[in-house]
Enquirer: 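Got a structure for you, questions after.
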Amino acid sequence: MAQKLQAPRGTYDVLPDDAARREHVEAAARQILGAAGYRRIETPTFEATELFARGVGASTDIVQKEMYTFEDGGGRSVTLRPEGTAPVARAYVEHGMQKLPQPVKLWYLSSFFRYERAQAGRYRQFWQVGAEAIGSADPAVDAEAILLLAELLESLGVRDVRLRLGSLGTPETRAAYRAELQAYLRAHEGELSEEVRGRIDLNPLRAFDADHPGTRSVMAGAPLLLDRLTGEDADHFAEVRALLDGADLAYEVDPTLVRGLDYYARTLFEFTSDALGAQSGVAGGGRYDGLVEQLGGPPTPGIGWAAGIERILLATGEERVPPPILDLYVAYAVADRPTRAIGFELTWEARRAGLSAQFELAGRSLKGQLKQAARAGARFVAILGEDGATLKDMETGEQEQLEPGRVIPVVLKKGKTLA
Ligand code: HAM
């Protein structure tokens, strides 16, 4: 026997029960985002590698370690998309969307690829539902985007959600702050852990995440970026907060919030769920006011977020979506060719009449067919025999004898009285 093959590590199959739950997430996203004027976009699964190097940032973990990059047959370097914001910004520029009324609101539900250590809630191919609003710096766009995400997570029943909110200011503010923090860390070098000391040049912000007691006490007195925001950025953040407060959305201001993508400026946020384990981030996003310009477009502000579908499903628990109701199962008591032909045709006619219908396809005995009809959740079973059809109501057990041509009208009528 040939050896069995398995899906690659960090990937998984979406089986029908799981697919039903995902469709539910998609329907909720379409409804909630659609009502706010977001329209669907889908970009290609792979892009020129340069898009992510420029858009996501050459020094990020994503670009340095996690991309699936390969050369195609024509010698071009392409990359399976690790995220959706840079591709959407690329599409905005490529299709001249700056000529449309601004902001342009787009949403997507797609799969993404990162070569990460696979574990519960972390995959190498994963799915995100995301939203991007490009072309307006109005703090109301930020607040609206965050509220839509909160509504989506709530409507899906994601448990124990917490929102952390921060602001990064402009790249200039950030650069000045970084230098200030580095100077502060150097002044306290002796009290820091070796690891943090080694990263002062590369990534001083990481010091805020350290567990080391000495480092923690140093960081308790460290300068905070939020306190260094310039007038306009501080006003923007205050306005976003006021709108969220007005909408009664609970959040925690986290002055040390960082996210692993370089394009962020100003508003930054992350939703976590305490119902998840180590991978507690359900969704995250922020403003990326420099990204479109970096990709060759005109200076254009933007903001968006993405939520992980797997993590949403993990955080909503295991409730099963019931299988769809089947209106009619077409069975046969006589397995000859003409009877089967009538059954086959009847099944199609039922579908054309708007019913869900299935025809016996596995050559079961009549008993087996009735069992299968029950498993499939059939409301009615039509059993074709030598003298016409028997229509069985699976709920009441009632049976009636009728012409095959009467089956559909009767099912339609009875179905209606039930609904
Ligand atoms: P991100 O924080 O990298 O942001 O990903 C967003 C969400 O995708 C995470 O909160 C998590 O739920 C899910 N996720 C990320 N990596 C994995 C993985 N390996 N396995 C399973 N789920 C994962 C972005 O991707 C930005 N593009 C979000 C954004 C949109 N910012 C502005 N607009």
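Given the structure is predicted, the values throughout are model-derived calculations rather than measurements. One is the number of the first residue; the rest follow in order along the sequence.
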Enquirer: Can any side-chain N or O of Asp13 pair as donor or acceptor with the backbone N or O of Leu15 at less than 3.5 Å?
Expert: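 No, Asp13 side chain to Leu15 backbone: no donor-acceptor pair under 3.5 Å.
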Enquirer: Taking the basic N atoms (NZ, or NE/NH1/NH2) and the acidic carboxylate oxygens, is any pair closer than 4.0 Å for Arg241 and Asp245?
Expert: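 Result for this pair is no, no salt bridge flagged.
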Enquirer: Take Thr215 and Glu191 through the side chain to side chain contact (heavy atoms under 4.5 Å, CB included) test and state the conclusion after the steps.
Expert: CA-CA 6 Å; Thr215 308; Glu191 299 151 67; over 6 Å; no
Enquirer: Under 3.5 Å, side chain of Thr256 to main-chain N/O of Asp209, donor-acceptor pair present?
Expert: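 Not confirmed, Thr256 side chain does not pair with Asp209 backbone.
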Enquirer: Quick one: pull up CZ in Phe112 and CZ in Arg81 and give me the separation to the nearest 0.5 Å.
Expert: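 So the CZ of Phe112 and the CZ of Arg81 are separated by 5.0 Å.
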Enquirer: Looking at Glu270 and Arg164, is any side-chain nitrogen of the basic one under 4.0 Å from a carboxylate oxygen of the acidic one?
Expert: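 Result for this pair is yes, salt bridge flagged.
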Enquirer: If we count only N and O atoms by modelled type, under 3.5 Å, do the side chains of Tyr264 and Arg259 hold a donor and an acceptor together?
Expert: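 Yes.
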Enquirer: To the closest 0.5 Å, what do you measure between OG1 (Thr347) and CD (Gln358)?
Expert: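 Between Thr347 OG1 and Gln358 CD, I get 9.5 Å after rounding to 0.5 Å.
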Enquirer: Is it the case that Thr60 and Asp262 place a side-chain donor and acceptor less than 3.5 Å from each other?
Expert: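 No - no donor-acceptor pair under 3.5 Å links their side chains.
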Enquirer: Is a side-chain N or O of Gln294 found less than 3.5 angstrom from the main chain of Arg54, in a donor-acceptor match?
Expert: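 Such a contact is found between Gln294 side chain and Arg54 backbone.
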Enquirer: Can you find a side-chain donor-acceptor pair between Tyr12 and Gln125 that sits under 3.5 Å?
Expert: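 Result is no, nothing qualifies.
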Enquirer: For residues Thr69 and Thr79, is any side-chain donor paired with an opposing acceptor at under 3.5 Å?
Expert: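 There is such a pair (donor and acceptor under 3.5 Å, judged by atom type) between the side chains of Thr69 and Thr79.
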